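Read the structure below first, then the notes.
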Amino acid sequence: MVRSRNTAATQTRKAAEHAVAEVLTPDVLLGWYSTMVLVRTLDERAWLLNRQGKAAILASSQGHEATQMGAVWAAVRYSPSLAIFPFYRGLATAIATGITPTEALLSILAKAGDPASGGRQFPLHGAVMTPKLKVINISNVVATQIPHAVGYALGCRMSGDPTVTMTTFGDGATSEGDWHEGMNYAGIYKLPVVFICENNGVAISVPQRKQMAIVNVADRAAGYGMPGVVVDGTDVMAVYEVVGEAVRRAVRGEGPTFIEAKVVRLLPHTSDDDDRRYRTPEELEDMKRRDPLKKFKEHLMEQGILTAQLDEQAHKEAKEHVDRATEAAEAAPFPDTGDFYDHVYASE
Amino acid sequence: MVRSRNTAATQTRKAAEHAVAEVLTPDVLLGWYSTMVLVRTLDERAWLLNRQGKAAILASSQGHEATQMGAVWAAVRYSPSLAIFPFYRGLATAIATGITPTEALLSILAKAGDPASGGRQFPLHGAVMTPKLKVINISNVVATQIPHAVGYALGCRMSGDPTVTMTTFGDGATSEGDWHEGMNYAGIYKLPVVFICENNGVAISVPQRKQMAIVNVADRAAGYGMPGVVVDGTDVMAVYEVVGEAVRRAVRGEGPTFIEAKVVRLLPHTSDDDDRRYRTPEELEDMKRRDPLKKFKEHLMEQGILTAQLDEQAHKEAKEHVDRATEAAEAAPFPDTGDFYDHVYASE
Amino acid sequence: MAVKSVIEAVREAMFEEMKRDPNVFIMGEDVGKRGGVFLATRGLIEEFGEERVIDTPLAESSIAGIALGAAMQGRRPIAEIQFADFIWPAVNQIIGEAARVRYGTKGVLHVPMVVRCPYGGGVRGGLFHSQSPEAYFAHTPGLKVVCPSTPYDAKGLLKAAIRDEDPVVFFEHKRTYRLVRGEVPDEEYVLPIGVADIKRAGSDITCISYGLMVHYCLEAAEMLAKEGVNVEVLDLRTVRPLDKEAILESVRKTSRVLIVHEDNRTGGLGAEVAAIIAEEAFGHLDAPITRVTGPDVPAMPFSPPLEDFFMPNPEKIAAGLRRVASY
Amino acid sequence: MAVKSVIEAVREAMFEEMKRDPNVFIMGEDVGKRGGVFLATRGLIEEFGEERVIDTPLAESSIAGIALGAAMQGRRPIAEIQFADFIWPAVNQIIGEAARVRYGTKGVLHVPMVVRCPYGGGVRGGLFHSQSPEAYFAHTPGLKVVCPSTPYDAKGLLKAAIRDEDPVVFFEHKRTYRLVRGEVPDEEYVLPIGVADIKRAGSDITCISYGLMVHYCLEAAEMLAKEGVNVEVLDLRTVRPLDKEAILESVRKTSRVLIVHEDNRTGGLGAEVAAIIAEEAFGHLDAPITRVTGPDVPAMPFSPPLEDFFMPNPEKIAAGLRRVASY
Ligand SMILES: Cc1ncc(C[n+]2csc(CCOP(=O)(O)OP(=O)(O)O)c2C)c(N)n1
Ligand SMILES: Cc1ncc(C[n+]2csc(CCOP(=O)(O)OP(=O)(O)O)c2C)c(N)n1
Ligand SMILES: [Mg+2]
Ligand SMILES: [Mg+2]
């Protein structure tokens, strides 16, 4: 894990590593691994459903899972309660927050039972609210969620609500004015926000060098008076550590942190995209070497925590789980149009 | 003059100082001084015309003159040709670009002879174009000119036009998304743009600490891959030097520079404002000590370049000049409505 | 009752609502010590502190977007956009986002936020301090859009907007701020959003308007009265939702319509009002539905003769009324 | 003549204009190697290089603002906004700025720029990939707004837009891209902006529309023909400036009007068209001016049954025509 020159975060690093070691028992890590296998299996299934013409559109989180899951797990662990404003590539985020595979597929298939919007929105867009965990993604317009997250955190501070707010977005989002404005505001008022940039080096087809003149977008954090941290986003434990650190910083009232997680986008941008137009087979091969699932598996095997048998079992269970979920979601009804006009305004 | 940690600009500093010494003969400096006196006299007159009900609105450049004039003079000196996208506080910018006091007052009084928009726009808004010098300020919406300047520079590069583009704006403007987006683009494509932030520490009434979490906004430049320079904007020679350096950098094809000139706003935000609501008399007194005109005068007197007699003469000539200009502008006609519908679209 | 100006009414409405509900807060440029550039928030920071009267950075998109986020969290932000001309950077967050939250979350979240916005011309404001962008917002389902004309309406409707569970864009005509004074009750009251008001009853022509123009319509109606034409002046007050019933009822009575607004003609509010009437009161019409509006130039110019030429005024409205009366 | 799709026509128009005029260039997200998400710019970067086909950062306000700056310098940018739903951040630069440059500089500067923008629904795009924001732009003096329905019109009008000396927002209905095919001449041609086109002559009702809906209107007209009602389908093609003469001429002939658009009803393009007719062809009308439009909900929902419910279609249009016919 590389850090940008900002050092505020570094000071608490030792403490964090200690805490991580304490928390991350082999059982916990095996649980993480199974969930990552489940998400990958679900993601592949969803892609298949799209190819079968059953799911209209899909943004895969393959390659982003370690960041998305590590971040949620750390945030849940270290904050009294959490509000997340994720972006559209958040299948792993969703599962980590407790959305079930069936719910995810209901959403992906635009069924009435979609827990986020009842089928009104793109998969997993809308809001899923529990007392301790709020997932809010009201649009797929890039970067608009940054000010939302900042405003939500402001509201929490005003009302004495100790919730920590987290928002995730891609490298592309950092080019938008809303990103700048939101970062600036959070910095001025030291709001309890954790900004997580899942930098996969590409915005659809536009490579990072055409998006910014710098290598680490985390270097911009200093200009907003907040720490900027670069982390290997394919390493779930590393992500867990730095996000945990940032969340505790937020809880202590020390303000926002910007985390740049370097990830890979293993599939095309969405199911509508064909990345062969702009990525070479070599690039794709290269990325596969950074597959977070593969990486985690190798790590756990090296450590003797995961065995081939446990791995096989995880995959088998995941497949069964996703099979059941698929069946349920496919059998579920589409929304009917009876409430089409509801929720434009508050009903009197 | 303080510099932010960015060092690219520093490398050419020695050369610049040398050049400055060569160019800035006592005669040149005296000429500058007279022009600064003229601008101050004109600015005071315009304010008076507002108080007499003759000018609807005015944004004074008192306190910003050294930056505005030093920047234009340097840019004109060191670029083959220049396009400026100034902001609304640009009376000194305008005079430095060759607008006459009469023209300025025609604009301030919204007369038909307003060279920028024929009275359609706020004072000095619109466009004044000569082959070597283009002054473009199409709106008073803060920060919109940043992308315009960047686009203009892009157009110049595309068409092989060696023009250097400069844009000026306040500290407040750096909070806008457009500032971020424009800076980012210029950095990526290394466009020949000089960004000049006239930081007077306040956006109308909002102090810098409520605008950003940092002391030097120039620190943000590194995040866009460009040098950021902080300069005492009340020191015309210092401004001349750093802008000269930035312009030559642009001419050499090395890309954009961000200059933060620390200035003071000696008057209320505009003639509509009453700054006693948010600034103490002590703060105002304090600022007067940083009056760029006073500073330049003291410097020139110390150097034996300016005498009391020459100073008096400069003021006398300025007053006569502004008197004549006022008379002419007051006597000039308002626009008539015959061409009210012209220039909505190209006429066929 | 006391006689107050529109700006006083606006300030009182915010003051009372902030007293009433600790969730209400204000954010915007210069709303703090400065009290807003029109002094709408004067004294509020002294009363409610920096936490509830927030001077923001100069960044409209985030003003709206942060207000939106806070509103989803349960606060009731009043976001001030300093001039309507500067609302454009915030349109993505207002039209693009805020308007769709309730619908897109199927009612799980909503946005009880007010965007206050001084608008309109006749103030020597030129191209970028005179705009009337209400029609853009009125075209947006999910938003409510209010344009009051009097201190009484401004106060009652702003209080309603603050209490409303949905995003309201509240346009205050700058020229009315100090020019228009009127009685405002001492006791608390709230006016319903979406209800038009007959500012002058009449039987011969329905003159429909909102904002500053209502006052010019009333002046024009007096001119026409002297010529024996009895004009009804209907003040829409809310431009989304439109009070269709009030419009149709008046038109059924008079059979003749003049619509007046300061905004450019093409695609302005008058278009929708005319379309409603042409579709739903067609059988009652005795004359073409006529509009007196700002001209189709990009904005109001700065110089006095040009600005005067742009602005609708009582004379131009009276001429329109005569045209309709004599059809 | 060859039969082509709308997307091919759009691509050809850009290709030809870039060949013709070295000042023309393209900028936008993914317009380079990707060829645009709809492949509108496929092959152009290979032909014209990175300098003239620029992949921009993901930042719409600057896409429009930089295009504006380059246009003032003499270039002819074609700025692509990837989906109309993402044009909101750019509205400050398009509506706020570009539209006012010529007026505000009294003609010294102007902005020969095109903003291309795929819009519209029926593509399972949900709330944020289905929007039809053309009315917002059509309300803005200083802009021209084009919404072609066929490959022939798309090509001829896009070439005109690129050659135009003023800012043109060019809306391409996504659903027509591959669905609608038609003859496109091999030789060069340019169509005038601001001229409507009778896509089907008729005598009983004037059915006015633009974009995808024109095709549905034509289908509905065929249904009505079987019922003995002869519908004229007028394709506006340009929604600003409106071809008022063509509208009025058709209405004078038929005396009955149905206006159709996919955008929300209130304040949509239909409002202005209705207002023009109600003001200027009042004496010719035999029936209420009727509209069939998208409903007043914040946007088109994602799920198939909900999307279908939103979209106007030939059946809904035919029902509207019958209503007008039988008044
Ligand atoms: C404002 C806006 N512009 C354009 C788009 C279309 N779009 C969707 S995702 C995307 C690329 C985003 O890239 P990045 O932020 O890096 O995230 P990634 O998809 O790489 O994870 C674009 C251009 C959008 N959704 N919103
Ligand atoms: C987009 C926008 N928002 C608000 C305003 C109103 N306004 C005009 S100047 C100003 C403050 C600008 O401060 P700064 O950029 O620091 O420049 P200064 O006036 O201090 O020189 C504000 C808020 C505006 N013109 N444009
Ligand atoms: Mg990316
Ligand atoms: Mg300032």
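Each chain gets a letter, A, B and so on, in the order its sequence line appears, and its residues count up from 1. Note that the coordinates shown come from a computational prediction; the quantities given were computed from them, not determined experimentally. The analysis underlying the following values was restricted to heavy atoms, covering all of them including side chains, and did not include hydrogens, waters or symmetry mates.
Contacts between C:Glu165 and chain A at a heavy-atom distance below 4.5 Å involve the side chain alone, from C-beta outward. Only the side chain of A:Asp161 has a heavy atom closer than 4.5 Å to any heavy atom of chain C. For chain C, no part of A:Phe122 is nearby; none of its heavy atoms comes within less than 4.5 Å. With a 4.5 Å cut-off on non-hydrogen atoms, C:Glu50 does not touch chain A at all. Heavy atoms closer than 4.5 Å to chain A are found in both the backbone and the side chain of C:Ala59.
Ranked by heavy-atom pairs under 4.5 Å with chain A, the list C:His110, C:Gln93, C:Glu51 is led by C:Gln93. When each of C:Pro167, C:Pro22, C:Gly107, C:Ala99 is checked for heavy-atom pairs under 4.5 Å with chain A, C:Gly107 comes out on top. The most heavy-atom pairs under 4.5 Å with chain C, out of A:Asp342, A:Ile138, A:Leu154, come from A:Ile138. Taking C:Leu143, C:Asn23, C:Val108, C:Thr56 one by one and counting their heavy-atom pairs under 4.5 Å with chain A, the maximum is reached by C:Leu143.
C:Glu188 meets the side chain to side chain donor-acceptor pair (under 3.5 Å) test with C:Lys159, C:Arg163; sequence neighbours excluded.
Residue A:Pro147 comes nearest to C:Ser62 through the heavy atom pair CB-CA, 4.4 Å, listed as atom of the first residue, atom of the second, then distance. Counting all heavy atoms, side chain and backbone alike, A:Ala127 lies closest to C:Leu109 at CB-CD1, 3.5 Å.
In this structure, A:Arg120 forms a cation-pi arrangement with C:Tyr103, its terminal cationic atom sitting closer than 6.0 Å to the ring centre and no more than 45° off the ring axis.
Looking at C:Glu97, its side chain never comes within 3.5 Å of a backbone N or O of A:Thr144 through a donor-acceptor pair. No donor-acceptor pair under 3.5 Å is formed between the side chain of A:Tyr185 and the backbone N or O of C:Pro57.
A heavy-atom distance below 4.5 Å is not found between the side chains of A:Met129 and C:Thr105.
Taken from CD1 in C:Ile66 to CD1 in A:Ile146, the straight-line distance is 11.0 Å, to the nearest 0.5 Å. Note: C:Arg52 CZ to A:Met158 CE = 8.0 Å, rounded to the nearest 0.5 Å. Note that OH of A:Tyr189 is 6.0 Å distant from CD1 of C:Ile54, once rounded to the nearest 0.5 Å.
Residues of residues 162-182 of chain A lying within less than 4.5 angstrom of chain C, judged on heavy atoms, are A:Asp178, A:Glu181 in numerical order. Proximity to chain C among residues 87-104 of chain A is not found for any residue, judged by heavy-atom separations below 4.5 angstrom. Residues from residues 69-88 of chain C that place a non-hydrogen atom less than 4.5 Å from a non-hydrogen atom of chain A comprise C:Gly69, C:Ala70, C:Met72, C:Gln73, C:Arg75, given in numerical order.
Ionic pairing of C:Lys106 and A:Asp339 is present here: one or more N-O contacts between side-chain nitrogen and carboxylate oxygen are shorter than 4.0 angstrom.
Open room surrounds CD on C:Glu249; 12 or fewer heavy atoms of other groups in view lie less than 6.0 Å from it.
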